[in-house]
Amino acid sequence: MAKETIKLIANNKKAYHDYFIEETYEAGISLHGTEVKSLRMGKCSVKEAFIRIEKGEVFVYGMHISPYEKGNIFNRDPLRVKKLLLHRAQISKLGGKIAEKGYTLVPLKVYLKGSLVKVEIGLARGKKLYDKRADIAKKDMRREAEKDFKVKNLY
């Protein structure tokens, strides 16, 4: 069996900054033809997107897929609500988790796995301001250490 190639289309860096990601799940997404063509060209944004569970089904809101140039009348609304495809057991487990205080679902990545479009969703807990400051301080310290290491190795 050939190894399936994964091509990243969109990444949600803001989610990693704003939330602690507890668990991740891979979900399929229900799309129309021109949306898939647009995604293959890399025209997608998940920065402002969020996920809700309604009546036992999972939907992603605010995920922007740019209209396909050659799609004319077949193009759909770029911000339309899209259904995510998960197993019923996963949906009920996620529903129980987000019923707890402070948990939410956020899309982390959109990618092509073989010929299929997949969305990686994360069960996330919101960060407080001091958590964000601590993360920024860690990044700065790591960046400084790498810079010092680079300078020492040059001489």
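- Rounded to the nearest 0.5 angstrom, I136 CD1 and K138 NZ are separated by 12.0 Å.
- Contact of the K109 side chain with the L8 side chain is registered, since non-hydrogen atoms from C-beta on lie closer than 4.5 Å.
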* Please walk me through it: do I121 and L86 pass side chain to side chain contact (heavy atoms under 4.5 Å, CB included)? -> CA-CA 11 Å; I121 62 176; L86 284 165; 3.9 Å; yes
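- Side-chain contact between K118 and I6 is absent, with no heavy-atom pair separated by less than 4.5 Å.
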* **Worked check of side chain to side chain contact (heavy atoms under 4.5 Å, CB included) between N11 and L108** => CA-CA 6 Å; N11 196 3; L108 302 174; 5.6 Å; no
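- Nearest heavy-atom pair, A10 versus C44, reported as atom, atom and distance to 0.1 Å: CB-O, 3.8 Å.
- Salt-bridge formation is not detected for the pair K97/E22: no Lys NZ or Arg NE/NH1/NH2 atom is positioned less than 4.0 Å from an Asp or Glu carboxylate oxygen.
- With contacts defined as side-chain heavy-atom distances shorter than 4.5 Å, the pair V119/L84 qualifies.
- Panel note: side chain E35, backbone H32; a donor-acceptor pair is recorded below 3.5 Å.
- Using a 4.5 Å heavy-atom cutoff, the side chains of E120 and Y25 are not in contact.
- In the hydrophobic clustering of this structure, Y16 does not group with I9; members are Ile, Leu, Val, Met, Phe, Trp, Tyr whose side-chain heavy atoms approach within less than 4.5 Å, directly or through other members.
- When the shell of 6.0 Å around CD of E23 is examined, it contains more than 12 heavy atoms from other residues, nucleotides or ligands.
- Of the possible donor and acceptor atoms, none in the side chain of K43 sits under 3.5 Å from a partner among the backbone N and O of K37.
- Counting only distance, with no hydrogens or angles, the side chain of K113 and the backbone of Y111 share no donor-acceptor pair below 3.5 Å.
- Applying the 6.0 Å contact sphere to OH of Y19 captures no more than 12 heavy atoms from other residues, nucleotides or ligands.
- Taking the ring axis of Y61 as reference, the NZ or CZ atom of R52 stays within 45° of it and closer than 6.0 Å to the ring centre.
- To the nearest 0.5 Å, the span separating CG on L31 from CD1 on I65 amounts to 5.0 Å.
- The NZ atom of K147 lies 10.0 Å from the CZ atom of R143; values are rounded to the nearest 0.5 Å.
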* Could you walk me through whether M63 and V110 pass side chain to side chain contact (heavy atoms under 4.5 Å, CB included), step by step? => CA-CA 10 Å; M63 182 174 152; V110 179; 3.9 Å; yes
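- Between I91 and I53, some side-chain heavy-atom pair lies under the 4.5 Å cut-off.
- A donor-acceptor pair under 3.5 Å links the side-chain atoms of S38 to the main chain of S66, judged by distance alone.
- Using a 4.5 Å cut-off on side-chain heavy atoms (C-beta onward), F59 and E54 make contact.
- With hydrophobic clusters built from ILVMFWY side chains whose heavy atoms lie under 4.5 angstrom apart, V60 shares a cluster with L112.
- Within 6.0 Å of NZ on K47 lie no more than 12 heavy atoms contributed by other residues, nucleotides or ligands.
- Atoms CD and CG, from E48 and N12 in turn, are 8.5 Å apart once rounded to the nearest 0.5 Å.
- Using a 4.0 Å cut-off between a side-chain N of Lys or Arg and a carboxylate O of Asp or Glu, D135 and K132 do not qualify as a salt bridge.
- Cluster membership check: V81 shares its hydrophobic cluster with F50, using side-chain heavy-atom separations under 4.5 Å among Ile, Leu, Val, Met, Phe, Trp and Tyr.
- Side-chain contact between V106 and I51: absent, with no pair of heavy atoms (C-beta onward) separated by less than 4.5 Å.
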